[in-house]
A.B. asks: 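There's a structure below that I have some questions on.
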Amino acid sequence: MRVVKPYGDTMDDGKVQLSFTLPVPDGAKGREAARKLVLSWGFKDCEVVHSSPLSDEFSFYVAYGKSESSIDYDSVVADEADSDGTMSMDEVNEFIRQNIGRKVVVVGACTGFDAHTVGIDAIMNMKGYNHHFGLERYPEMEAYNLGAQVPNEKLIEYAVKVNADAILVSQVVTQKDTHIHNMTEFIELLEAKGLRQKFICVAGGPRIGNKLAVELGYDVGFGRGAYADDVASYVVNKIVEKKQR
Amino acid sequence: MRVVKPYGDTMDDGKVQLSFTLPVPDGAKGREAARKLVLSWGFKDCEVVHSSPLSDEFSFYVAYGKSESSIDYDSVVADEADSDGTMSMDEVNEFIRQNIGRKVVVVGACTGFDAHTVGIDAIMNMKGYNHHFGLERYPEMEAYNLGAQVPNEKLIEYAVKVNADAILVSQVVTQKDTHIHNMTEFIELLEAKGLRQKFICVAGGPRIGNKLAVELGYDVGFGRGAYADDVASYVVNKIVEKKQR
Amino acid sequence: MRTKLHLPKDRVDYARQLARKISAPVADFIDGHSSVTVERATLRLAGADGANADGVPVPNLVVDRLKAAGSEILEEGALLRYVNALVKEGVSVEQLNQKIASGFDIMTPALGDRGAIQRKTEELVNRSTARVKDNRAHRDRKQEEFRDRNSKPLLYLIVATGNIYEDVKQAKAAAMQGADVIAVIRTTAQSLLDYVPFGATTEGFGGTYATQENFRIMRAALDEVGEQQKRYILLTNYASGLCMPEIAAMGALERLDMMLNDSMYGILFRDINMYRTFVDQKFSRMINAYAGIIINTGEDNYLTTSDAFEKAYTVLASQFLNEEFGFRAGLPPKLLGLGHAFEMDPSIKNGFLYELSQAQMAREIFPEHPLKYMPPTKFMSGDIFKGLAMNTLFNFVSKATNQGIHLLGMLTEAVHTPFMMDRYLAVDNAKYVMNSMEGFYDDIEFRKDGIVVQRAHDVLNQAISFMEQVAGVGMFDSIERGLFAEVKRPKDGGKGLEGLIKKGPAYFNPFEAHFIRELGLGK
Amino acid sequence: MRTKLHLPKDRVDYARQLARKISAPVADFIDGHSSVTVERATLRLAGADGANADGVPVPNLVVDRLKAAGSEILEEGALLRYVNALVKEGVSVEQLNQKIASGFDIMTPALGDRGAIQRKTEELVNRSTARVKDNRAHRDRKQEEFRDRNSKPLLYLIVATGNIYEDVKQAKAAAMQGADVIAVIRTTAQSLLDYVPFGATTEGFGGTYATQENFRIMRAALDEVGEQQKRYILLTNYASGLCMPEIAAMGALERLDMMLNDSMYGILFRDINMYRTFVDQKFSRMINAYAGIIINTGEDNYLTTSDAFEKAYTVLASQFLNEEFGFRAGLPPKLLGLGHAFEMDPSIKNGFLYELSQAQMAREIFPEHPLKYMPPTKFMSGDIFKGLAMNTLFNFVSKATNQGIHLLGMLTEAVHTPFMMDRYLAVDNAKYVMNSMEGFYDDIEFRKDGIVVQRAHDVLNQAISFMEQVAGVGMFDSIERGLFAEVKRPKDGGKGLEGLIKKGPAYFNPFEAHFIRELGLGK
Ligand code: B12
Ligand code: B12
Ligand SMILES: Cc1ncc(COP(=O)(O)O)c(C=O)c1O
Ligand SMILES: Cc1ncc(COP(=O)(O)O)c(C=O)c1O
């Protein structure tokens, strides 16, 4: 067991910086309310080092607190579809030739009302992103990028049409949990059609964690800093795993 | 009862920004540890939006959390020697002439090893601070500013010598609670000499709150943004109050 | 204006000639066409408003019915039938709207006396244009009353709660903090709706529905806070999309002061059909011009998908084109808020100098235009402290090059839509930076053979080469081949093509005629 | 160097003449005097080290004993008796130190043969100066090996945990993040101790004791991380205070690379007696010069008590004086890290331009000097976001004017001594800003009649008037009358006056003689 606390300038001093707004006017009372609030989060000491009015009814606070709580670092299980097992593009293609023996078909889109295609393009387009080529460039893959604002229904139709192995869903806008509603609808639609087992379902986007994706019924989720090779590695391994079952 | 929660962009959404360092390497596991830690402070949701290595053994996190806790704003009691009752310089002098009838004597210093004189100068020197004249400018007051790094013993001696009404103690350096030790020593010395009741004891400094000062045995404490008129108003009122007892 | 970049005047003139050449065939196409939303906008100007029980707006009910009645009907313009019904039924505009909302068939009354229709229409045109002129006069008066109270550049803040009443709170707080311009961001994907929702709304995603009632509510709120702050607070909304002209009409009626309006945004970034967009943007811009509304163009969008350093010239080329399309719609330079953005990779060596160069170049080539300068977005990350530093330099460049309209960058750009405190921090930063370097623009020169000067010359030359290519290929084909923003849009693809209308020989639109006359656009 | 400010050369020359005139009488005074710490520093160079059971250092034990023995003893220099004891007792330096720590009375052995003492001393001088020269050579070699790997300006970070072992962790992390210079801040009030503590220490307030062992520990740690990072990491400590020469000596022996050393800091900001300080600074600076150590002067301190806009000229005047005192101690321009600071009220209109002007002026007047530029501190507040913006502009000005040594500003300056993350954010910000405007210095000119140029001329003129006044009044009286930093210091007031020593006719100090010779300071 390795107990870990935040660090300011001395081991275990527990120092944390916070800032937030309160719906109260700025002033001594507001600052005291801010301080109490920080203490209510289990901080031992709290200093409100700055306050300023945002309007007559709102005020802004900067505070430093000293955390009492700690966590057992050894018990923490990293939950990100991490890139440790990632193969390079060439390795993926070789893997496909060796273990699958046919082209792997992938369909992707930015679904619902979401029009943020840069993320899915980063994964799929020829040119890729940050010196990682996209799936379209993989000789052993067939990649179809349907672009922006694709309804779930249409995406599934297309995946059936091209007999896809995997469907890639990108969701960037998360305000009011719109991504959760949309991602859930996608899985429900698949299930209603009895197609969930047919496809490997991959979700992605800057605020999508693996945990969330799995909770919503996807096989995996990729967040910030994901590259095509991470996704490709996951998909081809999963295909082989599915075959073996 | 008025329940108040942090505000991001919707009433009671509870949104708070945090940043801190952990003594662990950067990576997926560190991010998960950071997230868990934030949750351990009673936040409902937490998103670790950024992490970066500070060295091989330390890493830095930026997170946004959604607080569950709230506080009853009505029950909050502002605890700052606040400036609501503050008189202007002229009013203070008039008050002294009317109610005390002799010059009020004040001795101040930046005590212990502390050499930050700008704060005590702001209160005492002629020219004052931010368009508030200092105590030296008050015709009905005699103000002695002993400057930097004055030992507690010496300050008390001087106050006795000039028969001071009030002693002003400035403390700016707070690292390792050096201000607490020093301020406590001052009061203990006074008490040992049986002089505590003789003087009005005023503490001040950017990290000194009224609450802390009172806890340590002072009559009052002034923090950031205090001016000479606040201090003068407090002192003259207190003299009259003491007389009446 | 003293030049710091020494751009050759003849090259700049040549670029403008290229823009004229490129836009000429498009303008010819536009002149022969209308669209469902142009017709609806016309109806709205005439007074058509309200919605039926299913929320279908009256202008849509009218135009959909006319369209269903046969293509020759709409070719004459929707206004003809609407006014015909007014005359024939002998009701007021409000009464007619009510009837239509309740199911009245606009085709029922047979087409009556043209003279009566003409007279009635003139009355409507007078009433409506008087209202728009009043708005314009009111704005001028207030801006005169509060002159020099706004920041320079104007500080522009967005609100995007999805709920107009929450938006009002946030907008007022922002104005109190120092915002000069409030933009109500539209709900996600409203640009793809071929109608404008009706009434006050409280449910949007990533933004609030643009509706005439929402415009009115926000306008009133900003007027109120403006009186307190002794500052005229400008209100902005988004026109580009499938309802450009209608939103322009609503804005003109409710005294909006700026409008996002790009001649190609819908095509490239929303996959709206190109013919439809070109037609729509023209009519919407005539309305803006008439109402004294500044348009903000969307060059920044090029840089969210393409590299800002490599493709800097596409921004300049687009500015020339937007300017030219603007001129053709009667917009004078002072209403042309051409866009650009601080979007280079923050790790580029000398990136700051390239941004400075780009901004200064825009300033010198478009000297009277209230340039709209957009903050870093693409390279913002969860590192809010780095983001704040990027915004600080952005604020710096904006003031250093005397931009007109300054969109405030948010330190949480990569995290969430702005919190109230994010906005405050943004204003505070901009005010600090800009006050602290107030005189920088007049104080600084660039070395003649230095990086800043050289870069501007390079970008101008690249833009010219690019425009030569477009002029050769033709505008429509250029878009089809993906010359703009690396996006290919087929001519007959995209949304809304079916809403395009060929004007018939008897096309009736006295509003359009009025604008053409008053804006001096007659050939 | 191309001038951007067009400062008249004759006025700058005249200012330097004034500095010479002002410092001449002070220099005469200095030449006739030594002090307890000058003597202790000499002993340290000869090898005196260690402490007794109460922690009193051996050099103090020696000097205190000699002082107690009568004033005529110290007038001959402490080294004489120390070496005499070495010779007479026939022990090594280490053994003698041990003996002294255990109570051996240095006055016990009668003064022996001068020739033997002279010879023994020469041996000690050779040994010790060889070590210092080796250090210098090692530094040169490493800086050559890792040339162009440091940032320009050098990024300077402080550590201040109070515990040398924690300091090491933080310093290594800082170096990995990009620091080029690590300064170990001294514990609060060490400057008022008339001795240098001995050994590794773990208890300090707001800083860590400067001890020779702590120097050694940190030097080793930085060398280690420097090898990993392929960058020579410079180590800095603080000389000014009651032990200036001793700390300089320790730094020379342990290969420090920079040293805070101001000719008047102790007088003005620590109330140390003026005569004492002037004497101490001279000897300490000769040591620095000999060891190739850059001094950093403390002009920034003027601005923490006085207004940075109003009193900007005092900074320039002090730079001229520090330079002149530096020359007199054998320091060449490239070892003169003259100080200044970005300390103007952030709410001043055009404050950025005034800061730019001040920094550029320092650059042009002191072209070869590795100027030390200090971040905003006084106007930093608990608003860390505002503070970050101020630091961003500070970083900008530093790069824009080609400063030499850049102290990183902390966003939490007004809150606490730096957290590890604060330091990271500071480096990250500086690297971003400076890379992004790498070529700015060469690219930008100032308008001849603009704010920046005018301001520099004004400040130069004010500085000259001020120095004329000081030259008229005389240095000692000027300090007494409060002309500097608005602080009045009586000539015979302040700490440490009792430690001043009048050199006797037979004053013996071959170290001093060696430095004078090697630095070419003989009259
Ligand atoms: C560019 C951009 C736009 C462009 C999009 C252009 C385009 N063709 O994509 C334009 C200007 C059109 C736009 C519009 C809007 N935007 Co926008 N936009 C951004 C911006 C600046 C950058 C996004 C981006 O391109 N990132 C770069 C890519 C490479 O990163 P990524 O998307 O995270 O992708 C990576 C990973 O997440 C992952 N990934 C992503 N998808 C997938 C899918 C799979 C299967 C896998 C495996 C991996 C994966 O891999 C990628 C590479 O590592 C962000 C702010 C920011 N800096 O993040 C705001 C942002 C995303 N936008 C936002 C909003 C609100 C909007 C609007 C809704 C605003 C409005 N009301 O008009 C509109 C509407 C768009 C719509 N209908 O969806 C908000 C979202 C807030 C939230 N969390 O809900 C943001 C965060 C800005 C903000 N702070 O307000 N936007
Ligand atoms: C200026 C300054 C210095 C100057 C001081 C010059 C001088 N003559 O005062 C110099 C350069 C000498 C200095 C040195 C050091 N400093 Co210093 N310094 C500052 C700085 C930048 C500004 C302080 C200031 O002048 N504020 C302006 C005044 C007007 O504000 P104020 O003090 O808060 O006073 C107001 C109120 O608090 C109140 N008040 C104050 N005193 C009193 C008393 C009474 C009776 C009343 C009623 C009210 C009152 O009224 C005032 C007006 O409103 C701060 C950082 C910052 N921005 O705050 C660091 C800071 C205070 N210094 C710090 C440190 C650590 C040091 C050193 C110890 C560093 C070192 N190891 O060498 C040294 C040692 C000094 C010593 N022995 O004490 C730390 C303290 C950290 C901590 N909380 O413990 C700070 C916060 C910087 C940092 N982040 O590290 N410093
Ligand atoms: C010119 C222009 N119009 C409209 C919009 C917004 O439109 P939408 O509602 O399609 O996001 C933008 C957004 O960046 C724009 O630049
Ligand atoms: C020139 C100089 N010397 C020394 C110091 C530090 O000395 P002290 O230990 O007295 O704080 C400073 C601090 O700012 C300085 O500027």
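Here is how names work: the chains are called A, B, and so on, in the same order as the sequence lines, proteins then strands, and each is numbered from 1.
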A.B. asks: Could you look at B/Lys211 and say if it's the side chain, the backbone, both or neither that has a heavy atom under 4.5 Å from chain A?
C.D. replies: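 Side chain only.
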A.B. asks: Quick one: are B/Val236 and B/Met87 in side-chain contact, heavy atoms under 4.5 Å?
C.D. replies: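 With C-beta onward as the side chain, the pair touches.
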A.B. asks: By a 4.5 Å heavy-atom criterion (distance strictly below it), what part of B/Asp12 contacts chain A: side chain, backbone, both, or neither?
C.D. replies: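 Neither part, no heavy atoms under 4.5 Å.
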A.B. asks: Do A/Ile123 and A/Leu168 have side-chain heavy atoms sitting under 4.5 Å apart?
C.D. replies: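 They are in side-chain contact.
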A.B. asks: Where does the angle between the aromatic ring planes of B/Tyr129 and B/Tyr227 fall among parallel (under 30°), tilted (30 to 60°) and perpendicular (over 60°)?
C.D. replies: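 Answer is tilted, since the angle falls between 30° and 60°.
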A.B. asks: Counting a contact as any heavy-atom pair under 4.5 Å apart, which residues of residues 69-78 of chain B contact chain A?
C.D. replies: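 Residues in range: B/Ser69, B/Ser70, B/Ile71, B/Tyr73, B/Asp74, B/Val76, B/Val77, B/Ala78.
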A.B. asks: At a heavy-atom separation under 4.5 Å, does B/Phe58 approach chain A through its side chain, its backbone, both, or neither?
C.D. replies: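 B/Phe58 touches chain A through side-chain heavy atoms alone.
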A.B. asks: Tell me if a side-chain donor or acceptor on B/Asp13 pairs with a main-chain N or O of B/Thr10 at a distance below 3.5 Å.
C.D. replies: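 Yes; at least one donor-acceptor contact below 3.5 Å.
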A.B. asks: Could you check whether any side-chain heavy atom of B/Phe222 comes within less than 4.5 Å of a side-chain heavy atom of B/Asp230, counting everything from C-beta outward?
C.D. replies: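 Yes - at least one pair of side-chain heavy atoms lies under 4.5 Å apart.
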A.B. asks: Where on A/Val48 is there a heavy atom nearer than 4.5 Å to chain B: the side chain, the backbone, both, or neither?
C.D. replies: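 It is the backbone, since no side chain atom gets that close.
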A.B. asks: Strictly below 4.0 Å, N to O, side chains only: are B/Lys29 and B/Glu32 in salt-bridge contact?
C.D. replies: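 No, this pair does not count.
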A.B. asks: Among B/Ala33, B/Gly14, B/Gly209, single out the residue with the greatest number of heavy-atom pairs under 4.5 Å to chain A.
C.D. replies: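 Max contact count across the listed options: B/Ala33.
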A.B. asks: Where is the tightest heavy-atom contact between A/Val24 and A/Gly30, given as atom of each residue plus distance?
C.D. replies: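 In this case the closest contact between A/Val24 and A/Gly30 is CG2-CA, 4.1 Å.
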A.B. asks: Which bit of A/Phe43 is near chain B, if near means a heavy-atom gap under 4.5 Å: side chain, backbone, both or neither?
C.D. replies: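 Contact with chain B: side chain only.
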A.B. asks: Ignoring hydrogens and geometry, is there a side-chain-to-backbone donor-acceptor pair from B/Asn125 to B/Gly134 under 3.5 Å?
C.D. replies: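 No, B/Asn125 side chain to B/Gly134 backbone: no donor-acceptor pair under 3.5 Å.
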A.B. asks: If you count heavy-atom pairs within less than 4.5 Å of chain B, which of A/Glu47, A/Arg35, A/Lys36 leads?
C.D. replies: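 It is A/Glu47.
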A.B. asks: Is it the backbone or the side chain of B/Arg207 that comes under 4.5 Å from a heavy atom of chain A, or both, or neither?
C.D. replies: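 For B/Arg207, backbone and side chain are both near chain A.
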A.B. asks: Decide yes or no for B/Tyr61 and B/Leu22: does some side-chain heavy atom of the first lie under 4.5 Å from some side-chain heavy atom of the second?
C.D. replies: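 Side chain of B/Tyr61 against side chain of B/Leu22, heavy atoms only: contact under 4.5 Å found.
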A.B. asks: Does some side-chain heavy atom of B/Ile167 sit less than 4.5 Å from a side-chain heavy atom of B/Phe186?
C.D. replies: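 Yes - at least one pair of side-chain heavy atoms lies under 4.5 Å apart.
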